[in-house]
*Asks:* 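Below: one structure in structure tokens.
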Amino acid sequence: MSKRVAVLTSGGDAPGMNACIRAIVIACERQGFTLFGYQHGYNGLLEQEYEILAPQATHNLIQQGGTVLHSARCEPFKTDEGAKTAATNLTKLEVDTLIVIGGDGSFRGADHLADFWHGQIIGIPGTIDNDVAGTDATIGYYTAIDTVVSSIDKVRDTADAFERIFIVEVMGRHAGFLALNSALASAADYVILPETFDQCDAELDKITGQIEKRRQLKGAISFIIVVAENVWPGGLNDLANKLISKTQSEVRPVTLGHVQRGGSPVSQDRLLATKLGTYAVSLVGSDTNGVMVGELNGTPSEIPLTQTWEKNKPLNPSSMETMLTIMNERY
């Protein structure tokens with residue numbers, strides 16, 4: 001029997017979401033499924049705002065950033081009445097399976113919907129933060145690293161020209177994956193992560209100690225510090241002012257902001273998005289329900305939606321050890 005599938009993108013956009021939508025469209029077409037694309041995340045469920053996604057919709061889609069289905073936050077959906085309305089609309093459209101592309105907040109919404117709608121729900125991880133348990137990487141993460149590294153490379157040029165200290169704040173919400181790996185890839189001198197941050201005075205002592213050692217050996221050279229957002233209590237300007245006071249040097253804060261979410265997805269994100277989208281469609285009509293599909297060690301994985309936020313996803317130990325070695329010994 002032909003199935004009716006719906007897909008939406010929710011929460012923060014991430015490069016590769018369109019590649020995932022493309023894979024879902026193609027896989028559904030090959031299976032003979034009807035596919036609906038809901039616009040504006042869970043708002044589309046409440047407003048019954050959808051379109052039928054046909055193969056024509058995949059033309060030149062894989063390389064586009066953002067999401068053609070658009071995304072949005074949806075406070076009304078968090079209520080029981082909102083979820084009931086969404087369930088009613090899915091039932092009216094005779095949807096068998098809903099695929100949600102997003103982060104753990106989007107999966108919380110999907111789990112909330114499951115209390116009122118008994119169709120099949122499958123999540124696909126799409127967020128630059130890479131903070132979703134059950135998958136080695138999330139769609140958009142690799143592209144965001146490249147964007148941050150490219151930006152730090154440009155910052156380093158002006159930092160070297162004036163022999164300044166630069167603080168670069170990157171996204172990540174409450175996780176340090178993006179900060180850690182972009183710092184490694186850009187050869188940053190120091191990184192401040194939520195997973196390792198202790199308290200301000202201790203962190204300042206470590207930073208100034210390294211700057212002093214570096215200057216003793218090489219003179220007044222530049223110094224790049226990568227900071228994960230939401231880590232420093234007083235914000236980036238407070239950290240910059242404290243470093244100015246302690247080092248008597250010029251310190252410039254740089255917040256990269258939403259530029260990290262944009263751009264054409266790199267090949268790793270395109271491949272991951274294609275694999276996860278195709279695998280999600282392969283589960284349509286099966287007994288598998290209420291799960292996120294991810295990838296662990298190159299193999300498709302399934303994990304209950306609740307575990308995507310209940311389980312803590314740790315930073316890679318080898319990456320941490322490498323960064324610590326660089327911060328402590330690179331003089």
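If you read the sequence from its start, that first residue is 1, and numbering goes on from there.
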*Asks:* Does Thr306 reach the side chain of Arg108, with side-chain heavy atoms less than 4.5 Å apart?
*Replies:* no
*Asks:* Do the side-chain N and O atoms of Ser222 and Asp160 include a donor-acceptor pair separated by under 3.5 angstrom?
*Replies:* yes
*Asks:* Is there a side-chain contact between Val254 and Phe166 in this structure, where contact means two heavy atoms from C-beta onward sitting under 4.5 Å apart?
*Replies:* yes
*Asks:* Can a donor-acceptor pair be found between the side chains of Ser318 and Asn316 at a distance below 3.5 Å?
*Replies:* yes
*Asks:* Would Val227 end up clustered with Ile244 when hydrophobic side chains under 4.5 Å apart are linked, directly or stepwise?
*Replies:* yes
*Asks:* Could you check whether any side-chain N or O of Arg4 sits under 3.5 Å from a backbone N or O of Phe33, counting only pairs where one atom can act as donor and the other as acceptor?
*Replies:* no
*Asks:* Enter the distance from His70:NE2 to Glu49:CD here, rounded to the nearest 0.5 Å.
*Replies:* 8.5 Å
*Asks:* Minimum heavy-atom separation for Pro265 and Gly16, please, with both atom names.
*Replies:* CB-N, 3.7 Å
*Asks:* Going by the side-chain hydrogen bond (donor to acceptor under 3.5 Å, both in side chains) test, which pairs reach into residues 57-68, not counting sequence neighbours?
*Replies:* Thr9-Thr67
*Asks:* I'd like to check the side chain to side chain donor-acceptor pair (under 3.5 Å) partners of Glu212; sequence neighbours left out, ordered by chain and number.
*Replies:* none
*Asks:* So which atom in Ala185 and which in Val149 form the shortest heavy-atom distance, rounded to 0.1 Å?
*Replies:* CB-CG2, 3.6 Å
*Asks:* Begin from the C-alpha positions of Val291 and Ile303 and carry the test side-chain contact (heavy atoms from CB on, under 4.5 Å) through to its verdict.
*Replies:* CA-CA 5 Å; Val291 302; Ile303 182 172; over 6 Å; no
*Asks:* Run the salt-bridge test on Asp238 and Lys242 with the 4.0 Å N-O cut-off and return the result as yes or no.
*Replies:* yes
*Asks:* Using a 3.5 Å distance criterion without hydrogens, assess whether the side chain of Asp189 forms a donor-acceptor pair with backbone atoms of Ile225.
*Replies:* no
*Asks:* What is the distance from atom CG of Leu276 to atom CD1 of Ile99, rounded to the nearest 0.5 Å?
*Replies:* 11.0 Å
*Asks:* Between Gln120 and Asp96, is there a donor-acceptor pair closer than 3.5 Å when you use the side chain of the first and the backbone of the second?
*Replies:* no
*Asks:* Hey, does the side chain of Asp111 reach the backbone of Phe107 with a donor-acceptor pair shorter than 3.5 angstrom?
*Replies:* no
*Asks:* Do Tyr50 and Ile122 share a hydrophobic cluster, counting only Ile, Leu, Val, Met, Phe, Trp and Tyr and linking them when any side-chain heavy atoms are less than 4.5 Å apart?
*Replies:* no
*Asks:* Is there a side-chain contact (heavy atoms from CB on, under 4.5 Å) between Met171 and Leu256 once you walk through the steps?
*Replies:* CA-CA 8 Å; Met171 284 182 166; Leu256 297 183; over 6 Å; no
*Asks:* Check the orientation of Trp232 and Phe197. Use parallel for under 30°, tilted for 30 to 60°, and perpendicular for over 60°.
*Replies:* perpendicular
*Asks:* If you measure from CG on Leu46 to NE2 on His40, what distance do you get to the nearest 0.5 Å?
*Replies:* 13.0 Å
*Asks:* Which is it for Glu229 and Arg173 under the salt bridge (charged side-chain N to carboxylate O under 4.0 Å, His left out) test, yes or no, and what are the steps along the way?
*Replies:* CA-CA 6 Å; Glu229 65 178 344; Arg173 205 170 57 151; over 6 Å; no
*Asks:* With rounding to the nearest 0.5 Å, note down the distance linking CG in Leu90 to CG in Leu113.
*Replies:* 6.0 Å
*Asks:* Among Leu98, Ile21, Ile101, find the residue that satisfies the side-chain contact (heavy atoms from CB on, under 4.5 Å) test when tested with Leu8.
*Replies:* Leu98
*Asks:* Using a 4.5 Å cut-off on heavy atoms from C-beta on, say whether the side chain of Leu93 contacts that of Gln48.
*Replies:* yes
*Asks:* Any luck finding a side-chain donor-acceptor pair between Ser150 and Lys154 under 3.5 Å?
*Replies:* yes
*Asks:* Sequence neighbours excluded, which residues qualify as side chain to side chain contact (heavy atoms under 4.5 Å, CB included) partners of Ala137?
*Replies:* Asn130, Tyr141, Tyr142, Leu272
*Asks:* For the pair Ser245 (side chain) and Asn241 (backbone), establish whether a donor and an acceptor sit closer than 3.5 Å, ignoring hydrogens and angles.
*Replies:* no
*Asks:* Give a yes-or-no answer on whether the side chains of Tyr38 and Glu47 include a donor-acceptor pair shorter than 3.5 Å.
*Replies:* no
*Asks:* Identify the heavy atoms of Asn18 and Gly66 that sit nearest to each other, and give their distance.
*Replies:* ND2-O, 3.4 Å
*Asks:* So Arg215 and Ser249, side-chain hydrogen bond (donor to acceptor under 3.5 Å, both in side chains) or not? Walk me through it.
*Replies:* CA-CA 12 Å; Arg215 286 176 172 175; Ser249 304; 2.7 Å; yes
*Asks:* Rounded to the nearest 0.5 Å, how far apart are CG of Leu180 and CD1 of Ile192?
*Replies:* 13.0 Å
*Asks:* So, does Glu51 use its side chain to make a donor-acceptor pair with the main chain of Phe36 at under 3.5 Å?
*Replies:* no
*Asks:* In chain order, what residues pass the salt bridge (Lys or Arg N to Asp or Glu O under 4.0 Å) check against Glu75, with sequence neighbours excluded?
*Replies:* Lys78
*Asks:* Which heavy atom of Asn289 sits nearest a heavy atom of Gly119, and at what distance?
*Replies:* ND2-O, 3.4 Å
*Asks:* Please find the pair of heavy atoms, one from Ile128 and one from Pro15, that lie closest to each other, and give the distance.
*Replies:* CG2-CD, 3.9 Å
*Asks:* Give me the atom names and distance for the closest heavy-atom approach of Ala179 to Val191.
*Replies:* O-CG2, 3.8 Å
*Asks:* Does Arg156 use its side chain to pair, donor to acceptor, with the backbone of Ala187 at less than 3.5 Å?
*Replies:* yes
*Asks:* Donor-acceptor pair, distance only, cut-off 3.5 Å: does the side chain of Thr208 make one with the backbone of Asp205?
*Replies:* yes
*Asks:* Applying the 4.5 Å side-chain criterion to the ILVMFWY set and letting contacts propagate, would Val132 and Leu193 be lumped into a single cluster?
*Replies:* no
*Asks:* Quick check against the 3.5 Å criterion: does Asp269 have a side-chain atom that pairs as donor or acceptor with the backbone of Thr143?
*Replies:* yes
*Asks:* Cluster partners of Ile62, using ILVMFWY side-chain heavy atoms under 4.5 angstrom, listed by chain and number?
*Replies:* none
*Asks:* Applying a strict under-4.5 Å side-chain criterion to I, L, V, M, F, W and Y, I'd like to know whether Val251 and Ile207 cluster together.
*Replies:* yes
*Asks:* Determine whether a donor-acceptor pair (N or O, by modelled atom type, separation under 3.5 Å) exists between the side chain of Ser71 and the backbone of Gly11.
*Replies:* yes
*Asks:* Under 3.5 Å, is there a donor-acceptor pair linking the side chains of Arg30 and Thr278?
*Replies:* no
*Asks:* Going by the side-chain contact (heavy atoms from CB on, under 4.5 Å) test, name the single residue among Val170, Asp146, Asp129 that passes it with Gln260.
*Replies:* Val170
*Asks:* Between Ile221 and Ile224, is there a shared hydrophobic cluster once you connect ILVMFWY residues whose side-chain heavy atoms come closer than 4.5 Å?
*Replies:* no
*Asks:* Yes or no on side-chain contact (heavy atoms from CB on, under 4.5 Å) for Val100 and Tyr42, after CA distance, side-chain angles and deciding distance?
*Replies:* CA-CA 9 Å; Val100 176; Tyr42 289 114; 3.5 Å; yes
*Asks:* A side-chain contact here means heavy atoms from C-beta on lying under 4.5 Å apart; do Glu295 and Lys275 qualify?
*Replies:* yes
*Asks:* Using side chain to side chain contact (heavy atoms under 4.5 Å, CB included) as the criterion, list what pairs up with Ser301, not counting sequence neighbours.
*Replies:* Leu296
*Asks:* Does some side-chain heavy atom of Asp136 sit less than 4.5 Å from a side-chain heavy atom of Asn297?
*Replies:* yes
*Asks:* Going from CE on Met323 to CG on Leu315, what distance comes out if it is rounded to the nearest 0.5 angstrom?
*Replies:* 12.5 Å
*Asks:* His112 vs Phe77 aromatic rings, parallel, tilted or perpendicular, using cut-offs 30° and 60°?
*Replies:* perpendicular
*Asks:* For Asp131 and Lys313, run side-chain contact (heavy atoms from CB on, under 4.5 Å): C-alpha distance rounded to whole Å, both residues' side-chain angles, the deciding distance at 0.1 Å, then the answer.
*Replies:* CA-CA 6 Å; Asp131 58 350; Lys313 184 176 182 179; 5.9 Å; no
